[in-house]
Protein chains: 2
Amino acid sequence: MLADASTLLAAAGLQPTRQRLAIVAELVREPNDVTAQELHDRLCARGPAPGLATVYRTLTRLEEAGVVDALTHHAGELCYRLCGGDHHHHFVCSSCHGVVEVGDCRLEPWLEDLADAHGFAVTGHRVELEGVCATCR
Amino acid sequence: MLADASTLLAAAGLQPTRQRLAIVAELVREPNDVTAQELHDRLCARGPAPGLATVYRTLTRLEEAGVVDALTHHAGELCYRLCGGDHHHHFVCSSCHGVVEVGDCRLEPWLEDLADAHGFAVTGHRVELEGVCATCR
DNA sequence: CTTCCTGCAAAGCATTTGCATCCAT
DNA sequence: ATGGATGCAAATGCTTTGCAGGAAG
């Protein structure tokens, strides 16, 4: 179940301005990750849009609040996506660049073994899978 | 056992110029990952150094050849480090920023299940573990 | 009113590239 | 000699910031 834009802004402690509502609404509607620039482009395509700087500022605030995730698939740019809170990883298709979420993460047992073997405390992990998706094969 | 600079350059199919030798020698001497700029700074501190552009060009070539790994812990910059050729992943300490290589990757069975379930062909994967290392705890 | 937000343009960084020169083979 | 390598500076691309005008509580 997806939260609506104003709820998400409230959760982040941000004023629900017209621009921010548009930005978050676009995020809600976007299944894949987007860069700030892509998000801005989509907003422009819909009509009068917030400025690019506002998009950046808003995404930064949302990330600080834990409402969105910032991912670094490609060096040199950040990808954002609403973060549902549930643990998952991403499969990126090298042909169409689509992103598929993959739940069912089976790393935990491995991580526990690692912690034991190397003596470090693992607090998080990120997995990126690369390949070709069903429609592109 | 660490290979020496000229061996590594030969492995990457690059001419062993004075500049490249200096760059790789610095990498050999560096246990943690470094950005191109940090590497350049260290070279400068040692005396006459290759230009920054050369450092970038060399690291890019070395990465293509699989001699170094490029990591994206921080957004907006790449970190490089010499890497053994065997399959492994990285654990990054959030306190000292040290990097530990972790072999013993147990993702394969999971990946096969995923391929079956979603119909995509997984050609590669990358795992980054975050946490606190043994000495920093 | 007072504080926070926005837009625009300029500034900042990390990285890449163009081009003339230089070195290794 | 000849193709690849280097240096420098300019260009690029993403992101951040300064500042003056505007909207929200």
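- Residues of residues 44-51 of chain B having a heavy atom closer than 4.0 Å to DNA chain D, listed by number: B:P50, B:G51.
- Across the protein-nucleic acid pair, A:R20 atom CZ and C:dG7 atom P stand 11 Å apart, rounded to whole Å.
- Put simply, CD on A:Q37 is 8 Å from C1' on D:dT15, counting in whole angstrom units.
- One distance of note links CG of A:L107 with NE2 of A:H125; it measures 4.5 Å at 0.5 Å rounding.
- In this structure, A:R61 places its CZ atom 16 Å from C1' of D:dT15, rounding to the nearest Å.
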Item to complete: Check the pair B:L78, B:T72 against side chain to side chain contact (heavy atoms under 4.5 Å, CB included), reporting the backbone distance first and the verdict last.
Response: CA-CA 5 Å; B:L78 282 171; B:T72 61; 3.4 Å; yes

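- Atom SG of A:C79 is separated from atom CG of A:L39 by 11.0 Å, given to the nearest 0.5 angstrom.
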Fill in: Contact pattern, 5' to 3', of nucleotides 16-22 of chain C - B, S or - by protein heavy atom under 4.0 Å
BBB----

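- Annotation: side chain of A:T54 is in contact with side chain of A:I23 (closest heavy-atom distance under 4.5 Å).
- Put simply, CG on B:L59 is 15 Å from C1' on D:dA5, counting in whole angstrom units.
- The aromatic rings of B:H89 and A:W110 stand perpendicular to each other, their planes meeting at an angle above 60°, with 30° marking the opposite boundary.
- Two residues are said to be in side-chain contact when any heavy atoms from C-beta on lie closer than 4.5 Å; B:R46 and B:E26 meet this criterion.
- Shown are A:V24, A:V67, A:D4; of these, the side chain to side chain contact (heavy atoms under 4.5 Å, CB included) with A:L9 is made only by A:V24.
- Put simply, CD on B:E77 is 6 Å from P on C:dA14, counting in whole angstrom units.
- If you take NE2 of A:H40 and P of C:dT6, they are 13 Å apart, rounded to a whole angstrom.
- B:L21 places its CG atom 10 Å from the P atom of C:dA24, with the value rounded to the nearest Å.
- Contact check for A:R20 versus A:R57: no side-chain heavy atoms found under the 4.5 Å cut-off.
- Going from atom CG of B:L14 over to atom C1' of D:dA5 covers 10 Å, rounded to whole Å.
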Check nucleotides 23-25 of chain D against the protein and report each pair of N or O atoms closer than 3.5 Å, with its distance, or say if there are none.
none

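- The line from CG of A:L27 to CG of A:L8 is 9.0 Å long, rounded to the nearest 0.5 Å.
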Worksheet item: Does the salt bridge (charged side-chain N to carboxylate O under 4.0 Å, His left out) test come out yes or no for A:R81 and A:D33, once each step is laid out?
Response: CA-CA 5 Å; A:R81 92 184 305 287; A:D33 318 15; 3.4 Å; yes

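- With rounding to the nearest 0.5 Å, the separation of OG1 in A:T35 from OH in A:Y56 is 6.5 Å.
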